[in-house]
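Beneath this line is the structure, given in structure tokens, with notes to follow.
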Amino acid sequence: MAVGFITEMSNERYNQYNGKMTKIVILSCMMAAMCVGFSLVMILEFQSSLCIAGLVASFFASTTTRSYGRKPSILIGGFAFLAGAALGAVAANIYMLIFGRVLLGVGIGFANQAVPLYLSEMAPAKYRGAMNNGFQLCVCIGVLYANLINFGTEKIKGGFGWRVSLAAAAIPASILSIGSIFLPETPNSLIQRGSDHQKVKLTLQKVKGTVDIQAELDDLINASSSAFNGPYHNPLQLILQKRYRPQLVMAIAIPFFQQVTGINVIGLYAPLIFRTIGLGESASLLSAVLTSLFSIASTLMSMFIVDKVGRRFLFMAGGITMFVSQLLVGGIMAYKLGDHTALMTKGYAYSVLVLICVFVSGFGISWGPLAWKALMTSAMKISIPISFRNTNYLSVLRTLKTVRELPTNFASKLAVEEQKYPDLLKRCGVALDFNNGKAFHAKLMKESLLSSLFLQNHLLNMYVKWGDTDQACKLFDEMTQRNVVSWSSIITCLVQQGFYEKGSSYFCLMHRSGCKPNEFTFVSSLNACSFIDDSTQMYQLYCLSIQLGFESNVFLTNAFLSALFRHKKLNEAMELFEKCSERDIVSWNSMIGGLLQISHSEIPSFWYRMNHEGVEPDNFTYSSILTGLAALSNLQMGLQVHGQLVKYGHLDEICVGNSLVDMYLKCQKFVEALMVFNDMPHKDVLTWTEMASGCLQCGEPSEALKIIARMRKFGVKPNRFTLAAAFNACATLASVEEGKKVHGLRIKLGDEADVAADNALLDMYAKCGSMEDAWGVFWSMDDKSVVSWTTMIMGLAQNGFARAALELFERMILEEAAPNYITLVCVLYACGQGGFIDEGWQYLSSMTHKYGIVPGEDHYACMVLLLGRLGRIKEAEDFIRRMPIQPGLLVWQTLLGACSVHGDIETAKIAAKEALSLDKGDPSTYVLLSNTYADSSNWDDATKLRKLMKNTDVKKKPGYSWIELAGSG
């Protein structure tokens with residue numbers, strides 16, 4: 001039995017190797033599959049003499065495979081197959097037939113030794129599970145192949161059918177023999193037989209499809225040295241140790257259970273069983289074909305569900321199924337046949353056939369593929385890739401005798417811990433299990449195991465996932481040796497937590513230490529540089545990556561694109577994109593995301609180009625494009641993108657649906673947005689909140705409240721943005737009753753609501769005129785922002801509490817809350833509402849030196865309003881003429897409104913002339929002047945003004961009002 005060696009480490013460490021599925025690996029897998037599948041074809045065709053020959057040959061195959069390599073054993077097996085098939089097909093007597101069977105057994109013995117081992121050593125670690133499942137699938141296909149051959153040859157008349165059946169063995173034997181000539185020897189075998197390490201390196205590079213294989217090569221060399229130079233030459237001393245007892249039990253128990261379950265009886269003698277229960281020769285062979293199909297189907301099902309339900313469940317389910325069906329088969333046959341050969345009725349015969357199919361299916365979902373995979377996994381844990389099938393216990397013991405144990409010293413202990421702790425540390429990192437993670441760290445320190453760079457990197461990665469930069473940096477600084485994984489982890493940690501400059505400085509330290517960065521290091525470092533104001537280091541990093549040969553690395557290019565956009569380097573980003581030798585969908589998405597930040601106008605042309613070049617968009621692409629079109633209000637292209645979404649079926653994605661709804665809302669297409677919203681199969685809280693806010697944008701506050709009510713019926717929990725939208729809708733409708741309902745929802749949310757939601761609640765009560773409730777909300781707020789103070793001041797002013805508004809402002813100043821531009825507008829508005837002229841002048845004159853706010857047009861308009869309310873029209877006009885800034889439309893219209901109230905027609909004409917010179921299309925100016933004429937009974941001028949509005953196509957926006965009756969508006 002052949003033995004290879006695998007460094008004792010966890011699956012995580014295997015995944016650090018830079019290997020991929022090359023043509024050589026795929027070809028070797030195909031050869032392995034053919035060998036195993038067709039080996040069982042031979043077993044089906046021949047019986048005891050073939051099995052005995054295979055058993056004996058396996059002893060010689062073990063020595064040959066270990067001493068001369070995997071490839072010679074495969075060649076011997078293939079040519080033995082060919083010779084046995086040819087001899088069996090032309091056999092003239094019983095001696096030739098038996099000798100042909102013996103040769104076929106030799107072929108099975110050698111092929112089943114070398115081929116699975118060849119596969120386990122050639123395939124990348126992360127694909128070995130799939131390969132092992134593929135083994136059993138091909139075994140089932142081989143069984144089906146054999147049964148189909150038997151069924152077909154049975155139809156041949158003249159006595160030649162059995163020769164055709166035997167000659168069929170030449171087909172897999174030819175493929176195996178010819179194909180193995182062109183396959184290289186495995187790197188493991190070359191090292192084991194003392195080949196030059198440079199030759200091994202070249203072979204490993206060819207097999208893995210990458211030049212970066214030094215880590216894996218070093219592990220293979222170390223494993224070989226430990227396995228064959230250790231102090232324990234008797235393998236039983238190793239395998240009988242307590243820590244390897246589970247592997248020993250599996251190595252013995254699994255073949256035993258597969259023998260006693262009866263699957264070999266079913267597989268080898270299925271036609272004979274079916275003939276025994278009464279089926280004819282042809283029907284018996286066809287029934288065997290049927291059981292083979294069930295075996296293939298159940299094996300495929302096992303491959304797809306094993307990771308979802310677990311191996312233990314499948315073992316138990318399959319075992320129970322096999323046990324029950326086998327008992328039923330035995331009971332039926334004992335009852336109907338007994339010890340004689342009488343035939344049973346067809347009904348019972350078909351019942352037995354169905355039960356056998358159930359038995360085969362139970363084996364297919366459990367003991368077939370899972371037992372082989374479990375055995376291979378256990379073997380790798382103790383550095384023994386055991387390469388046997390359902391053969392015999394002597395061959396298993398032969399395998400165990402060839403095992404070499406690692407030295408039982410500190411290195412051995414360290415190797416065991418390197419296998420155990422990485423998975424534990426990874427789980428603690430993902431689950432944010434701080435207590436257990438720190439306990440494992442302490443245990444590693446106590447047992448002096450932190451000398452292992454491998455364990456240190458896993459420990460560092462755990463702190464990175466926790467976001468604990470202090471502990472990660474402390475651990476990193478204490479590391480006596482570091483590799484590229486160590487540096488990449490600490491840089492990634494710092495960047496993720498927002499320490500961009502420190503992350504960039506760590507890259508500089510790495511470069512000075514002589515450690516060569518990889519693409520992951522560059523990506524994290526470029527991400528750090530993109531958030532630093534100085535872009536020099538970003539360019540230096542990219543130049544260094546080109547020097548190290550990463551120019552065509554698409555991940556690095558995408559990271560540099562994102563960095564350029566963050567620094568607003570649009571032209572350079574476009575140039576880099578154009579010169580990219582390789583682009584993926586992330587490259588295009590990076591460009592679209594950058595254009596969203598800098599230049600929305602470029603998005604339509606870029607989208608056309610993307611479609612013209614045949615690039616298939618993904619969900620992020622569609623979402624970004626729709627966001628850009630929404631910002632541009634480009635409804636025409638938005639409709640085209642919508643059509644493309646319907647055609648290619650991306651509307652089921654929530655992010656795409658949200659962006660599409662937003663596009664229609666931004667284009668003021670409320671009906672279309674609502675249709676898309678209702679058709680979305682999946683909605684999250686963002687979807688509902690966006691639609692409710694969109695209703696407000698489109699002037700449909702009632703619909704906004706209906707959307708939020710539907711959201712609650714569907715059981716979606718609102719967030720603070722949903723509350724803000726609901727409060728704004730209630731404020732627009734001035735519906736205090738609906739507002740109180742939403743207020744109750746805000747109380748239920750508790751701390752999940754923030755100051756923004758409370759400000760919206762405050763604004764709602766103020767606009768509804770419920771100042772008592774507004775005061776209650778305001779004083780209950782623990783964290784009042786400037787918006788909170790401003791909203792309350794404005795609410796008081798609008799509801800006739802002008803003096804209270806000014807007093808609240810003074811209290812705001814005492815509590816050292818800094819007012820902003822809008823706050824002073826509200827204060828001056830309150831002065832206007834209360835007619836406080838002295839306070840108004842005082843606040844206006846002190847704005848700049850007291851609060852650092854330069855008065856704007858809104859502040860001056862409030863003073864004009866204040867003077868106008870007091871009837872000081874001429875003073876207001878003089879004030880406008882003396883303003884330090886150019887008076888705008890708002891100021892002149894405010895004066896015009898005051899003239900209308902006090903009947904000052906002459907000043908009204910002046911104000912209207914100035915307003916019209918700024919904007920002739922604003923209907924407010926015409927309406928205010930017309931009302932002034934009408935109030936003075938100057939109907940002629942009022943009529944002329946109305947006709948002028950009609951001739952110049954200036955339309956007055958209609959006003960509206962509402963009342964609430966019995967809770968409905």
Legend entry - Note: R609-E602 ion pair, threshold 4.0 Å (strictly below): no

Inset, instruction - Working to the nearest 0.5 Å, report the span between CG of L686 and CE of M691. - result: 13.0 Å

Inset, instruction - Measure the SG-CG distance between C655 and N619 for me, rounded to the nearest 0.5 Å. - result: 5.0 Å

Can you list, pair by pair, the side-chain donor-acceptor contacts under 3.5 Å of residues 698-708, counting residues two or more places apart and other chains?
none

Inset, instruction - Taking the side chain as every heavy atom from C-beta outward, state whether E914 and P887 have any pair of such atoms under 4.5 Å apart. - result: no

Inset, instruction - Taking all heavy atoms of A725 and all of L696, pick out the closest pair and write down the distance. - result: O-CD1, 3.4 Å

Legend entry - Side chain to side chain, F577 and L561, heavy atoms closer than 4.5 Å: yes

Inset, instruction - State, to 0.1 Å, how close M663 and A630 come at their nearest heavy-atom pair, and which atoms those are. - result: CA-CB, 3.6 Å

Legend entry - Student check: side-chain heavy atoms of R710 and N678 closer than 4.5 Å: yes

Legend entry - pair M764-N728: side-chain heavy atoms closer than 4.5 Å: no

Legend entry - Euclidean distance, K569 NZ relative to S535 OG, rounded to 0.5 Å: 4.5 Å

Legend entry - Which atom of V755 lies closest to which atom of S785, heavy atoms considered: CG2-OG, 4.0 Å

Legend entry - Heavy-atom side-chain contact between M574 and M591 under 4.5 Å: yes

Inset, instruction - Ignoring hydrogens and angles, state whether a donor on the side chain of S900 or N931 is under 3.5 Å from an acceptor on the partner side chain. - result: no

Inset, instruction - With side-chain contact (heavy atoms from CB on, under 4.5 Å) as the test, would you mind laying out the steps for Y821 and Y851 before giving the verdict? - result: CA-CA 9 Å; Y821 181 95; Y851 309 115; over 6 Å; no

Legend entry - Side-chain donor/acceptor of S770 to backbone N/O of A766, under 3.5 Å: no

Between side-chain atoms of residues 889-897 and protein atoms elsewhere (two or more places apart, or another chain), which donor-acceptor pairs fall under 3.5 Å?
{"residue": "Q893", "atom": "NE2", "partner": "D922", "partner atom": "OD2", "Å": "3.4"}
{"residue": "Q893", "atom": "NE2", "partner": "T925", "partner atom": "OG1", "Å": "3.0"}
{"residue": "T894", "atom": "OG1", "partner": "L890", "partner atom": "O", "Å": "2.7"}

Legend entry - Check: S599 side chain, L595 main-chain N or O, donor-acceptor pair, under 3.5 Å: no

Inset, instruction - Quick one: closest heavy-atom pair of C862 and L828, and the distance? - result: CB-CB, 3.6 Å

Inset, instruction - Mind listing the closest non-hydrogen atom pair of A757 and L723 along with its distance? - result: CB-CB, 4.3 Å

Inset, instruction - Anything under 30° is parallel, anything over 60° is perpendicular, the rest tilted; go ahead and classify F809 against Y843. - result: perpendicular

Legend entry - Under 3.5 Å donor-acceptor, H902 side chain and G868 backbone: yes

Inset, instruction - For side-chain contact (heavy atoms from CB on, under 4.5 Å), just list the numbers for L645 and L626, CA-CA rounded to whole Å, side-chain angles, deciding distance to a tenth of an Å, and then say yes or no. - result: CA-CA 11 Å; L645 285 171; L626 289 169; 4.0 Å; yes

Inset, instruction - Would you sort out whether V786 and M812 count as a side-chain contact (heavy atoms from CB on, under 4.5 Å), showing the intermediate values? - result: CA-CA 9 Å; V786 64; M812 174 184 178; 3.8 Å; yes

Inset, instruction - Classify the angle between the aromatic ring planes of W789 and F778 as parallel (below 30°), tilted (30 to 60°) or perpendicular (above 60°). - result: perpendicular

Inset, instruction - Look at the aromatic rings of W841 and F879 and report parallel, tilted or perpendicular, splitting at 30° and 60°. - result: perpendicular

Inset, instruction - Mind jotting down which residue pairs meet the side-chain hydrogen bond (donor to acceptor under 3.5 Å, both in side chains) criterion with at least one end in residues 870-883? Sequence neighbours excluded, please. - result: K874-T907

Inset, instruction - Please examine the side chains of M792 and L808, heavy atoms only from C-beta on, and report whether any two atoms are closer than 4.5 Å. - result: yes

Inset, instruction - Verify whether one side chain among T791 and D763 offers a donor that lies under 3.5 Å from an acceptor in the other. - result: no

Legend entry - Whether F727 and H743 hold their rings parallel, tilted or perpendicular, with breakpoints at 30° and 60°: perpendicular

Inset, instruction - Look up atom CD1 in I837 and atom CG in L867, then write down how far apart they are to the nearest 0.5 Å. - result: 4.5 Å

Inset, instruction - Test salt bridge (charged side-chain N to carboxylate O under 4.0 Å, His left out) on K784 and D758 and set out the steps. - result: CA-CA 9 Å; K784 302 180 183 68; D758 288 336; over 6 Å; no

Legend entry - Over 12 non-hydrogen atoms of neighbours within 6.0 angstrom of CD in E772: no

Inset, instruction - Measure across K683 and M680 and return the closest heavy-atom pair with its distance rounded to 0.1 Å. - result: NZ-O, 3.0 Å

Inset, instruction - Give a yes or no answer on whether the side chain of H612 reaches the backbone of Y608 with a donor-acceptor pair at less than 3.5 Å. - result: no

Legend entry - Heavy-atom side-chain contact between K741 and E737 under 4.5 Å: no

Inset, instruction - Without swapping roles, check the side chain of S780 against the backbone of V777 for a donor-acceptor pair under 3.5 Å. - result: yes

Legend entry - Value rounded to 0.5 Å, distance of OG1 in T687 from CG in D662: 11.0 Å

Inset, instruction - For K913, look at atom NZ and say whether over 12 heavy atoms of other residues, nucleotides or ligands are found less than 6.0 Å away. - result: no

Inset, instruction - Dump the intermediate steps for side-chain contact (heavy atoms from CB on, under 4.5 Å) on H859 and Y829, then the final yes or no. - result: CA-CA 8 Å; H859 302 101; Y829 177 79; over 6 Å; no

Inset, instruction - Go through the steps to decide whether W775 and Y765 satisfy the test ring pair (Phe, Tyr, Trp, His ring centres under 6.0 Å), and finish with yes or no. - result: CA-CA 9 Å; W775 275 117; Y765 278 129; over 10 Å; no

Legend entry - Expected output: side-chain S624 to main-chain T621 donor-acceptor under 3.5 Å: no

Inset, instruction - Give, for atom CG of D773 and atom CG of L762, the distance between the pair rounded to the nearest 0.5 Å. - result: 10.5 Å

Legend entry - Residue pair Q833, R869: steps toward the side-chain hydrogen bond (donor to acceptor under 3.5 Å, both in side chains) verdict: CA-CA 8 Å; Q833 293 295 99; R869 279 183 176 274; 2.7 Å; yes

Legend entry - Flag side-chain contact, heavy atom, 4.5 Å: R803 against E839: yes

Inset, instruction - Using a strict cut-off of less than 4.0 Å between a Lys/Arg side-chain nitrogen and an Asp/Glu carboxylate oxygen, indicate whether E815 and R811 qualify as a salt bridge. - result: yes

